[in-house]
Enquirer: 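Take this structure, written in structure tokens, and hold onto it; I'll ask about it next.
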2 protein chains.
Amino acid sequence: MMEHDFFRALADPTRRTIFEKLAAGSMNASALRQGMEISQPAMSQHLAVLRAARLVRERKEGRFVNYEVDPDGLALIAQWLAKYRAYWPARIDALKLLLKDMDQ
Amino acid sequence: MMEHDFFRALADPTRRTIFEKLAAGSMNASALRQGMEISQPAMSQHLAVLRAARLVRERKEGRFVNYEVDPDGLALIAQWLAKYRAYWPARIDALKLLLKDMDQ
DNA sequence: GATACACATAAGCACAGACTTATGTGATTC
DNA sequence: GAATCACATAAGTCTGTGCTTATGTGTATC
């Protein structure tokens, strides 16, 4: 059951924004808040949800906590998606791109 | 914004169960309810959410409505996932499987 | 055309979850 | 060691959403 927390975690648009920011480069919680109009506790709570879903992981650095994308969460999504590969139409460009990238 | 409805749609465990049942074979709403302890309106509402997310589509057959997996929704998930391919560890077996299957 | 059936929609309720303010914790700085 | 900083946690509020019962809509059957 808790293996699919990534869906619930990514269902919230604010958490998707946080995840995308971290995908562009790891940073600490304060830096994540820049330009986001979100309170410090709210950010902390969102990061806790993303952590529980293994989409994000932390590296403590002194009094800062550096956050980065956790590949494990993405792998779980890929595994989930792979179960339904029978339904992927061959024409989908995204899948072709995906295939190309993995080929190298 | 509404292009990521699939996350919200799949965040609910009941809807994931419905989707998985349809992935195993298309059927109508009544058949879906079998062994699920879910009311008829609840099922109808869940199917509406899955439809809105393009994860499921309907084919009207007389007074029955046959539901089936809509590849479009899965393609949207694949597209989203492809954006973060830089973070996929090469060791992940699921991705290798995925690659193999798409290769044919 | 009256009835029964398959499903959708409406309206109301109850709980989950995203937010707030307040406070706690641990590390750095003076 | 007192103050400050980065972040986490607690507790309460409010909105969203998944459920319910009731009713509507369209199709098949008699």
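Small disclaimer: the values here were computed from a predicted structure and weren't measured. Naming convention: chains lettered A, B, ... in sequence-line order (proteins, then strands); numbering from 1 in each chain.
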Enquirer: Over how many whole Å does the gap from A/Arg8 atom CZ to C/dA16 atom C1' extend?
Expert: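 Taking atom C1' of C/dA16 as the reference, CZ of A/Arg8 is at 9 Å.
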Enquirer: Per the ring pair (Phe, Tyr, Trp, His ring centres under 6.0 Å) rule, what does the pair list look like for residues 19-43 of chain A, sequence neighbours excluded?
Expert: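 Listed once each, the pairs are A/Phe19-B/Trp80, A/Phe19-B/Tyr84.
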Enquirer: With sequence neighbours left out, which residue pairs that include part of residues 53-77 of chain A fulfil the ring pair (Phe, Tyr, Trp, His ring centres under 6.0 Å) condition?
Expert: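 Matches after skipping sequence neighbours: none remain.
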Enquirer: Could you run down nucleotides 24-30 of chain D 5' to 3' and tag each one B, S or - for protein heavy-atom contact under 4.0 Å?
Expert: ---BS--
Enquirer: Let me know the distance between CG of A/Asp5 and C1' of C/dG17, rounded to the nearest Å.
Expert: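 Those two atoms, CG and C1', are 13 Å apart.
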Enquirer: For A/Arg15, enumerate each residue passing the side-chain hydrogen bond (donor to acceptor under 3.5 Å, both in side chains) test, keeping only those at least two apart in sequence or located in another chain.
Expert: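 side-chain hydrogen bond (donor to acceptor under 3.5 Å, both in side chains) check on A/Arg15 returns A/His46.
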Enquirer: Tell me, which pairs form a side-chain hydrogen bond (donor to acceptor under 3.5 Å, both in side chains) where one or both residues lie in residues 22-35 of chain B, sequence neighbours left out?
Expert: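 Every side-chain hydrogen bond (donor to acceptor under 3.5 Å, both in side chains) pair that includes a residue of residues 22-35 of chain B, provided the two are not neighbours, is B/Ser26-B/Asn66.
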Enquirer: Tell me every residue that passes salt bridge (charged side-chain N to carboxylate O under 4.0 Å, His left out) with A/Asp70, counting only those two or more places apart in sequence or in another chain.
Expert: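 With sequence neighbours excluded, A/Asp70 shows a salt bridge (charged side-chain N to carboxylate O under 4.0 Å, His left out) to A/Arg57, given in chain and number order.
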Enquirer: Sorted by first residue and then second, give each salt bridge (Lys or Arg N to Asp or Glu O under 4.0 Å) pair with at least one member in residues 36-54 of chain B; sequence neighbours left out.
Expert: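 Every pair satisfying salt bridge (Lys or Arg N to Asp or Glu O under 4.0 Å) with a residue in residues 36-54 of chain B: B/Arg51-B/Glu58, B/Arg54-B/Asp72.
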Enquirer: For B/Val65 and for A/Gln45, locate the closest nucleotide of DNA chain C by heavy-atom distance; then report the residue assigned to the nucleotide nearer the 5' terminus.
Expert: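 Closest to the 5' end, via its nearest nucleotide, is B/Val65.
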Enquirer: Pull out every residue in residues 19-39 of chain B that has a heavy atom closer than 4.0 Å to any atom of DNA chain D, ordered by number, or say none.
Expert: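 Only B/Ser39 qualify.
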Enquirer: Kindly write out the residues that satisfy side-chain hydrogen bond (donor to acceptor under 3.5 Å, both in side chains) with B/Arg59, not counting sequence neighbours, or none if the list is empty.
Expert: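 Testing B/Arg59 for side-chain hydrogen bond (donor to acceptor under 3.5 Å, both in side chains), a comparison that skips the adjacent residues, returns B/Glu61, B/Glu68.
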Enquirer: Under 3.5 Å between N/O atoms: give me all the protein pairs with nucleotides 22-24 of chain C, atom names plus distance.
Expert:
none

Enquirer: How close or far is atom P of C/dA16 from atom CG of B/Asp12, stated in whole angstroms?
Expert: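 These atoms are roughly 13 Å apart.
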